[in-house]
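See below for the structure under consideration.
All of these numbers come straight from a predicted model, not from anything done at the bench.
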Amino acid sequence: MMDSNDIGSESRRGFVSQGWTRISQIYQGLLDKWTPHVKSRWAAAIILILIFILRVFLKQGWYIVTYALGIYHLNLFIAFLTPKIDPAMDFDGDDENGPALPTRSTEEFRPFIRRLPEFKFWLSVTKSTIFAFCCTFIDAFNIPVFWPILVMYFITLFCITMKRQIKHMIKYRYLPFTHSKPKYKTVDSTVTVN
């Protein structure tokens with residue numbers, strides 16, 4: 001049989017579970033409202049990054065946190081540029097140069113699907129920037145380093161990584177951005193019935 005303490009702890013667990021469920025529903029609702037506003041989302045993310053950089057610049061510290069954030073953002077960007085199904089791993093192609101994305105109308109059309117969708121890219125950038133900003137309030141993360149070496153290492157890493165990614169894009173003939181996507185107009189169909 002259950003005693004009164006077990007019933008009380010069950011109701012507390014139920015209350016906490018209901019509260020957590022409600023908070024996660026509110027959070028998901030806010031994300032759903034932000035989804036169609038791409039420019040506003042990215043403007044807010046860039047403002048957050050600028051506030052973070054301003055804090056690091058004014059406080060003259062937390063260079064390791066900044067470096068880690070930069071590496072994480074670079075990793076996210078590379079995942080954003082990479083197709084979900086990597087053509088380098090697709091061995092069904094008949095070319096001697098390896099598999100490639102279709103370039104002619106007679107070839108099979110495969111739409112470009114990102115490994116990291118734009119919304120998840122934005123969400124990860126925003127969350128990581130907020131986390132890094134919170135880390136700047138903890139002195140344990142303010143490790144003294146010679147920051148110009150970190151900057152040079154980050155620039156070198158960025159250049160090498162982007163060079164490799166661009167070579168991959170050229171080799172497998174894909175472009176992750178669609179600027180001239182066709183826009184279809186709606187036809188105003190007014191049917192008169194006699």
Side-chain angles (χ1 to χ4, degrees), residues 19-89 111-172 174-179 181:
W20 183 256
T21 302
R22 183 66 186 139
I23 289 171
S24 61
Q25 287 172 346
I26 292 171
Y27 175 71
Q28 188 61 46
L30 289 173
L31 289 180
D32 291 344
K33 287 179 184 177
W34 271 84
T35 301
H37 307 290
V38 177
K39 291 179 182 176
S40 301
R41 284 189 284 123
W42 281 105
I46 290 171
I47 288 171
L48 275 174
I49 292 170
L50 291 175
I51 290 171
F52 171 77
I53 291 171
L54 181 66
R55 174 153 173 83
V56 168
F57 180 74
L58 291 176
K59 293 295 183 177
Q60 295 294 310
W62 291 279
Y63 301 119
I64 293 291
V65 173
T66 307
Y67 177 73
L69 181 66
I71 294 295
Y72 183 66
H73 285 182
L74 177 63
N75 188 20
L76 291 174
F77 185 62
I78 294 300
F80 177 72
L81 293 178
T82 306
K84 186 173 187 176
I85 301 169
D86 192 359
M89 299 299 154
F112 185 81
I113 301 170
R114 300 179 188 282
R115 182 181 298 166
L116 181 67
E118 181 271 333
F119 184 78
K120 289 184 180 181
F121 179 38
W122 167 79
L123 187 61
S124 297
V125 165
T126 304
K127 283 181 181 180
S128 62
T129 304
I130 291 171
F131 181 76
F133 186 75
C134 292
C135 286
T136 61
F137 290 99
I138 301 170
D139 283 332
F141 294 119
N142 191 8
I143 300 168
V145 293
F146 187 60
W147 65 267
I149 291 176
L150 289 179
V151 171
M152 291 305 299
Y153 186 65
F154 179 78
I155 290 171
T156 304
L157 188 65
F158 178 80
C159 292
I160 291 170
T161 306
M162 289 309 295
K163 179 181 175 184
R164 189 183 75 215
Q165 185 66 31
I166 290 170
K167 281 184 176 181
H168 189 270
M169 290 164 60
I170 291 170
K171 181 177 180 181
Y172 295 105
Y174 67 90
L175 186 64
F177 304 107
T178 54
H179 294 291
K181 188 175 179 181

At what distance, to the nearest 0.5 angstrom, does CZ of Phe52 lie from SG of Cys134? 10.5 Å

Among residues at least two apart in sequence or on other chains, which ones pass ring-ring contact (aromatic ring centres under 6.0 Å, His included) with His73? none

Check: residues 140-162 side-chain donor-acceptor pairs under 3.5 Å, at least two apart:
unit_1	atom_1	unit_2	atom_2	d
Asn142	OD1	Trp62	N	3.0
Thr156	OG1	Met152	O	2.8
Thr161	OG1	Leu157	O	2.7

By side chain to side chain contact (heavy atoms under 4.5 Å, CB included), which residues pair with Lys127, not counting sequence neighbours? Tyr27, Leu123

List the residues meeting side chain to side chain contact (heavy atoms under 4.5 Å, CB included) with Phe131, not counting sequence neighbours, and say none if there are none. Cys135

Are the side chains of Lys163 and Lys167 in touch, meaning some heavy atoms are under 4.5 Å apart? yes

Could you tabulate the donor-acceptor pairs under 3.5 Å formed by side-chain atoms of residues 43-51, not counting sequence neighbours?
none

For residues 38-52, which residue pairs qualify under side chain to side chain donor-acceptor pair (under 3.5 Å), counting only residues two or more places apart or in two chains? Arg41-Glu118, Trp42-Glu118

Pairs meeting criterion side chain to side chain donor-acceptor pair (under 3.5 Å) with involvement of residues 46-59, two or more places apart: Arg55-Thr136

Thr126: what forms a side-chain hydrogen bond (donor to acceptor under 3.5 Å, both in side chains) with it, not counting sequence neighbours? Trp122

Nearest heavy-atom contact between Val56 and Gly61 is CG1-O, 3.2 Å

Minimal non-hydrogen separation, Ala132 against Leu69, with atom names: CB-CD2, 4.0 Å

Under the ring-ring contact (aromatic ring centres under 6.0 Å, His included) rule, collect the residues that match up with Phe80, sequence neighbours excluded. Phe121

For Tyr63, side-chain hydrogen bond (donor to acceptor under 3.5 Å, both in side chains) partners two or more places apart: Gln60

Residues pairing under side chain to side chain donor-acceptor pair (under 3.5 Å) where one sits in residues 29-38, two or more places apart or in two chains, turn out to be Gln28-Asp32

